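Data block below; observations after.
This structure is a prediction, so every number in the text was calculated from the model and none was measured.
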Amino acid sequence: YQDQSNIFENLPSVGVSMYQRKIWKIPGYFSFRLTYDRMNRRGVYYEDETEFTNVNSDKKIYSERLNIIPTYTLNLLKLPWLSTTVKLTTYQNFYPKSFDIETKKIVEEPLHLSYHTAEVNLKGPVFYKIFNLRGGKLKHIFEPKVDFKYSTQISDEDYSKLVKFDRTDFPQYSVLGFGFTTLLLYK
């Protein structure tokens with residue numbers, strides 16, 4: 001991407017969120033995120049992009065996007081030394097414009113993308129060791145974690161119709177990760 005630049009504008013961008021609320025006597029928590037974006041862009045954003053996005057051109061790509069993202073989170077196991085969480089999310093993305101593959105132009109044809117994710121997070125067990133020092137005590141805490149996320153995919157046909165603006169327009173992917181948290185506490 002030598003000698004390339006990108007110009008992004010998001011106005012207006014409006015969002016409403018509800019974070020982890022209990023609903024009735026159902027175990028777990030519900031979250032909800034709703035966002036609306038009106039965007040325009042000029043410049044090459046990814047490798048195989050077509051010529052209508054040349055940054056030197058006066059042409060800009062205009063689009064809008066409505067995202068509806070409900071989530072359900074359930075803590076399966078909550079012990080002082082071990083916790084397991086399951087999180088289910090659905091992504092409903094609506095676009096009033098799409099990319100016509102044959103004419104290679106942006107058309108006023110709506111596009112709806114829908115995909116879902118399921119995550120399992122495991123933290124613990126927690127290990128620690130206390131070191132006695134001359135001026136006090138040092139506690140070293142070590143906590144491993146494993147995260148697994150599975151994501152359904154959107155069809156290749158729908159994905160090719162998507163006018164891509166930013167990371168929101170690239171669907172989720174499945175991933176397995178692990179990590180460690182380490183803390184040093186001095187008293």
Side-chain angles (χ1 to χ4, degrees), residues 1-2 4-37 39 41 43-47 65-93 113-154 159 162 164-187:
Y1 296 119
Q2 289 180 320
Q4 297 283 337
S5 63
N6 296 306
I7 299 170
F8 295 91
E9 296 174 357
N10 273 19
L11 284 172
S13 182
V14 179
V16 176
S17 297
M18 177 186 78
Y19 293 103
Q20 294 202 346
R21 300 277 182 188
K22 281 204 113 3
I23 304 215
W24 300 292
K25 295 183 180 187
I26 299 172
Y29 299 91
F30 287 95
S31 323
F32 183 80
R33 200 168 70 225
L34 174 79
T35 60
Y36 168 78
D37 298 298
M39 309 151 296
R41 174 171 67 83
V44 175
Y45 187 57
Y46 63 96
E47 200 171 297
R65 170 178 62 214
L66 176 67
N67 298 323
I68 301 171
I69 308 166
T71 301
Y72 174 70
T73 305
L74 178 63
N75 295 324
L76 291 179
L77 185 60
K78 189 74 172 167
L79 300 172
W81 50 273
L82 182 69
S83 68
T84 305
T85 305
V86 173
K87 186 165 140 180
L88 305 172
T89 305
T90 182
Y91 295 83
Q92 304 298 320
N93 303 331
L113 299 181
S114 177
Y115 56 95
H116 316 284
T117 63
E119 295 179 50
V120 177
N121 305 10
L122 176 66
K123 280 187 179 182
V126 177
F127 302 101
Y128 69 90
K129 177 146 174 101
I130 298 174
F131 300 94
N132 292 314
L133 304 175
R134 277 189 248 178
K137 294 182 177 186
L138 180 70
K139 185 176 185 179
H140 179 221
I141 302 172
F142 179 80
E143 180 182 49
K145 69 175 183 172
V146 176
D147 300 317
F148 173 72
K149 178 169 71 170
Y150 172 77
S151 179
T152 61
Q153 298 298 310
I154 59 173
Y159 188 68
L162 176 62
K164 297 162 192 74
F165 275 87
D166 56 21
R167 65 181 177 85
T168 305
D169 295 324
F170 292 90
Q172 299 286 322
Y173 49 88
S174 299
V175 65
L176 174 65
F178 66 93
F180 305 99
T181 301
T182 184
L183 300 170
L184 293 173
L185 305 172
Y186 181 76
K187 183 176 181 184

With sequence neighbours excluded, tell me which residues meet side-chain contact (heavy atoms from CB on, under 4.5 Å) with Y186.
-> L133, L138
Nearest heavy-atom neighbours spanning N132 and K137 | OD1-CE, 3.4 Å
Which atoms form the tightest heavy-atom contact between I154 and Y115, and what is the distance?
->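 Between these two residues, the closest heavy atoms are CG2-CD2, 3.8 Å.
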Residue list, side-chain hydrogen bond (donor to acceptor under 3.5 Å, both in side chains) with [X], at least two apart or on another chain:
{"X": "K87", "answer": "none"}
{"X": "S151", "answer": "none"}
{"X": "S83", "answer": "none"}
{"X": "Q92", "answer": "T90, H112, S114"}

Side chain to side chain donor-acceptor pair (under 3.5 Å) contacts touching residues 21-32 (sequence neighbours left out) =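 Every pair satisfying side chain to side chain donor-acceptor pair (under 3.5 Å) with a residue in residues 21-32: there are none.
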Given side chains that start at C-beta, do those of K139 and K187 come closer than 4.5 Å, heavy atoms only?
-> no
Less than 4.5 Å apart, any side-chain heavy atom of L176 and any of V146?
->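 Yes, their side chains come closer than 4.5 Å.
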[X] [atom1] to [Y] [atom2] distance, which is reported to the nearest 0.5 Å:
{"X": "T182", "Y": "E143", "atom1": "OG1", "atom2": "CD", "result": "10.5 Å"}
{"X": "N93", "Y": "T35", "atom1": "CG", "atom2": "OG1", "result": "7.5 Å"}
{"X": "T117", "Y": "Y150", "atom1": "OG1", "atom2": "OH", "result": "11.0 Å"}
{"X": "T84", "Y": "L122", "atom1": "OG1", "atom2": "CG", "result": "4.5 Å"}
{"X": "L88", "Y": "H116", "atom1": "CG", "atom2": "NE2", "result": "11.0 Å"}

Please, which pairs that meet ring-ring contact (aromatic ring centres under 6.0 Å, His included) have at least one residue in residues 122-143, sequence neighbours excluded?
-> F142-F180
By ring-ring contact (aromatic ring centres under 6.0 Å, His included) - contacts of F30 (at least two apart) =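 For F30 the ring-ring contact (aromatic ring centres under 6.0 Å, His included) partners, ignoring immediate neighbours, are Y72.
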Distance-only criterion, 3.5 Å: show the donor-acceptor pairs between side-chain atoms of residues 11-19 and protein atoms not counting sequence neighbours.
residue : atom : partner : partner atom : Å
S13     : OG   : D37     : OD1          : 2.5

